[in-house]
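What follows is a single structure, written as structure tokens, with notes after it.
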Amino acid sequence: MRIPRAACINDLSGFGRCSLTTAIAVLSASGVQACPVPTAVLSKHTGFDHYVFRDLTDSMMDYMDDWNDIEFDGIYSGFLGSDSQIQAVESFIKKHDCCVVVDPVMGDSGKLYATYTKQMQEEMKRLADCADILTPNITEICFLTDSEYCGEDISPEQAIELIKKLRKRTQARIVLTGIARDDKMINMTYDSSGISISEVKRENKVFSGTGDIFSSIVCAFTLRGRSLHESVNIAGKFISSAIERTVTSDTSLTEGVIFEPLLYKLGEI
Ligand code: PXL
């Protein structure tokens with residue numbers, strides 16, 4: 001069997017499960033070769049009170065240029081550390097003819113992440129235009145469409161409105177993640193067959209890094225030929241069981257969800 005190959009452009013956070021540590025683990029377990037492009041190195045992700053941050057924009061350009069003759073089935077981008085870095089990713093995408101999954105990692109709960117600037121927000125809008133699949137959460141879709149953030153419990157009509165607004169600037173298939181509805185978490189997919197809904201049980205807590213697990217699974221399974229809706233269902237169920245496993249331990253929410261004991265399941269799907 002041929003293993004699909006994806007360039008994973010994301011940061012390496014040493015502590016707090018997210019970004020490259022999650023992407024490499026999830027893609028590998030799902031049977032996809034993960035080729036990392038580190039955008040920044042952090043001692044911990046930015047949700048902790050203190051962390052060391054080193055931007056890798058300068059080395060990233062040469063690094064990606066050295067890959068011009070490598071064929072990728074997918075490019076998967078996540079957290080980006082500077083505005084010129086977002087432009088570098090855009091130019092890498094233009095050199096490779098493959099499926100582009102952009103997780104427009106910008107913020108959560110209505111706020112931009114600490115390292116995110118207004119300029120980066122504008123650059124991220126342009127990167128979204130180059131995507132084949134986009135996986136924003138509600139905060140991110142609001143920043144991408146200059147819409148007011150009204151919380152995580154938006155109605156299906158409001159969610160569809162935001163997706164339509166984003167579609168005005170991109171041809172990408174869109175998965176809007178993390179819509180809170182009573183005791184359910186809804187992920188809404190928009191593609192050529194219209195809107196589809198995927199629901200899982202919701203915990204009333206915000207766990208770090210679940211967006212990275214989600215888009216890593218969506219990237220892996222779509223590259224393996226599964227439909228977007230099916231991939232979203234797999235991602236929702238996996239995160240739900242990882243959260244179930246996490247709430248029974250006394251891990252802090254910032255450390256992310258315990259997914260390591262469950263990774264083998266992705267290889268069996
Ligand atoms: O999980 C998203 C993410 C990725 N990378 C870094 C982050 C965060 C969220 O806080 O800080 C560095």
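Both ligands and their constituent atoms are indexed starting at 1 by order of listing. Keep in mind that the numbers below use all heavy atoms, side chains included, and drop hydrogens, waters and symmetry copies.
Applying the side-chain hydrogen bond (donor to acceptor under 3.5 Å, both in side chains) rule to pairs touching residues 247-257 yields Ser249-Thr251, sequence neighbours excluded.
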(request) Go through the steps to decide whether Lys95 and Asp65 satisfy the test salt bridge (charged side-chain N to carboxylate O under 4.0 Å, His left out), and finish with yes or no. (result) CA-CA 9 Å; Lys95 289 181 192 145; Asp65 275 348; 3.3 Å; yes

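Connection of Met106 to Ile174 is established within a shared hydrophobic cluster, with ILVMFWY side chains joined at heavy-atom distances below 4.5 Å, either directly or through further cluster members.
Taking the six-membered ring where tryptophan is involved, the planes of Phe53 and Phe79 are perpendicular, since the angle between them exceeds 60° and thus also 30°.
Taking the side chain as every heavy atom from C-beta outward, Lys205 and Val247 approach each other to under 4.5 Å.
The number of heavy-atom neighbours closer than 6.0 Å to NZ of Lys125, taken from other residues, nucleotides and ligands shown, is above 12.
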List of N/O pairs, ligand 1 versus protein, all under 3.5 Å?
residue, atom, partner, partner atom, Å
ligand 1, 1 (O), Asp212, OD2, 2.7
ligand 1, 5 (N), Asp11, OD1, 2.7
ligand 1, 10 (O), Thr46, OG1, 3.4
ligand 1, 11 (O), Thr46, N, 2.8
ligand 1, 11 (O), Thr46, OG1, 2.6

